[in-house]
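Just so you know, residue 1 is the first one in the sequence shown, and it goes up from there. For ligands, and for the atoms within them, numbers begin at 1 and follow the listed sequence. Only a predicted model underlies this, so the values are computations on that prediction, with no experimental measurement involved.
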Amino acid sequence: MLQSHLSHFIRKEAPKDEEAYNAQILIRAGFIDKLMAGVYTFLPLGLRVLHHIECIVRDEMNALGAQEVLMPVLHPRENWQQTGRWDSLDVLFKVIARDKKEYALGPTHEEIVVPVAQRAIFSYKDLPMALYQIQTKFRDEARAKSGLLRGREFLMKDLYSFHTDEADLEMYYQRAIVAYTTIFKRLGLDALLVEASGGTFSKFSHEFQVQVASGEDRIVYCAVCQFAQNREINEAQDGDACPTCGKPLTVVAASEVGNIFQLKTKYSDPFKLQYTDHAGTSHAVIMGCYGIGISRLMGIIAELFHDEKGLLWPASVAPFQAHLLAIVPADEAQKKDILAKAQGVYDRLRAEGIEVLYDDREGISAGEKFAESDLIGIPVRLVVSAKTGERVEFKERAKPDASQVDFSFITQYFKA
Ligand code: ATP
Ligand code: MG
């Protein structure tokens, strides 16, 4: 993409009422724009990052054998009354239509996916089945002060699985844990698998938590045996003995990137979602649900991967693979030469299938281009200038040193 065609959303300062670092830097670097607390626009660069996160999640969901659907955001009140959550869910956004009927804006989709599944589940032959979506959720959050970490409108992946029995659910649940682990690794994140609640229930619900200073959760964690529990249910202090291996525990700040539950018949019962077995006897369908905070992940990545100059995107989610800068001199003849060379590099990169943002803008100083490139944080910077001759300057955003390379080096680098 030509940077001259990319609107300049970069700002000197983030809005004064924005407290969260992730939102501050993403606004300054032109990835998002704030509409109000907990509600953001994803600008062209930000949307590319969001899409890359989505693609990784979608890949692993498809590998799990789940089918992608897209359910409505607008829900009839009746579905939420069926489970009792119309009154009990404090974050439920409710809207009133012109005929005075009430609706909910979906904060999660058990109340919708169960009736959908009912259309295709009749006998044991229709199971197991798994449906997922990547969709905007609405929650009337009390404290929407953490930028993308806690939106009132945010993007989630939610997966729902349907089984004949608990053993089959347990098998799928274990496969989902493996898929989630792969997803977070591909995103460049170290996610802890955390027991979400204590006692015997703990093995039926887990959170995936990423250590981040601004995270709202506190995790009791053992670096030796990986024991991890949410502080909400475990009152351990720093230095207490790990219940599993006896080594000292630490309490760390973290943010929940995923949450998985064995719902069993919690939602199939109220909707009478049943199947018939070999003998024709009816049973309740056994369910699991599995969420991932797609937009929260983008915020966490921004919190973790930056330096004083700007963002440092992991290659798997970066808006582009390479940022090519033409340092355009004022002299007309020289200008033509540099722009032609840079255009040649741009064309060859694209022919190699490398996603590149080409800063072809004239009348912008080298210093300004470098500063903006560091702020945006694309993993590789390539420079064509009066100094680079037939070669290209190559620099990784995360490393201090630049070097002069041939084009073949660049293609090799991206193939590796
Ligand atoms: P939290 O404990 O952080 O409030 P939750 O347990 O209510 O989250 P789930 O209903 O399990 O969240 O949603 C699945 C995932 O969606 C969470 O693991 C989290 O990554 C993400 N998520 C939940 N609420 C928000 C929000 N307000 N803004 C952004 N992401 C969210
Ligand atoms: Mg949760």
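Of all the atoms in ligand 1, the ones that sit under 4.0 Å from a non-hydrogen atom of R139 are 5 (P), 7 (O), 9 (P), 10 (O), 12 (O), 13 (O), 23 (C), 24 (N). In the vicinity of L149, heavy-atom distances shorter than 4.0 Å reach the ligand 1 atoms 28 (N), 29 (C). Those atoms of ligand 1 that come under 4.0 Å of a heavy atom in G258, given as number and element, are 18 (O).
Using 4.0 Å as the threshold, L155 has no heavy atom nearer than that to any atom of ligand 1. Under the 4.0 angstrom criterion for non-hydrogen atoms, S295 is not in contact with ligand 1. Under the 4.0 angstrom criterion for non-hydrogen atoms, V257 is in contact with ligand 1.
With H52 contributing its side chain and A318 its backbone, the two residues share a donor-acceptor pair below 3.5 Å.
For G151, a nitrogen or oxygen atom sits less than 3.5 Å from a nitrogen or oxygen atom of ligand 1, counting backbone and side chain alike. Some N or O of G293 is nearer than 3.5 Å to an N or O of ligand 1, by distance alone.
The aromatic ring centroids of F261 and H206 lie 6.0 Å or more from each other.
R186 is linked by a side-chain hydrogen bond (donor to acceptor under 3.5 Å, both in side chains) to D59, E60, counting only residues two or more places apart in sequence or in another chain.
The closest non-hydrogen atom to atom 3 (O) of ligand 1, taken over E141, R150, E256, comes from R150. Proximity annotation for atom 13 (O) of ligand 1: of M156, R152, R143, M156 comes nearest, heavy atoms only.
For residues 104-121, every residue pair satisfying the salt bridge (charged side-chain N to carboxylate O under 4.0 Å, His left out) rule, not counting sequence neighbours, is listed here: R85-E110, R85-E111.
Each of D360, D359, D374 was compared with K369 under the salt bridge (charged side-chain N to carboxylate O under 4.0 Å, His left out) criterion, and only D359 meets it.
Within a 6.0 Å radius of NZ in K34, other residues, nucleotides and ligands contribute more than 12 heavy atoms. The number of heavy atoms from other shown groups lying within 6.0 Å of CD (E13) does not exceed 12.
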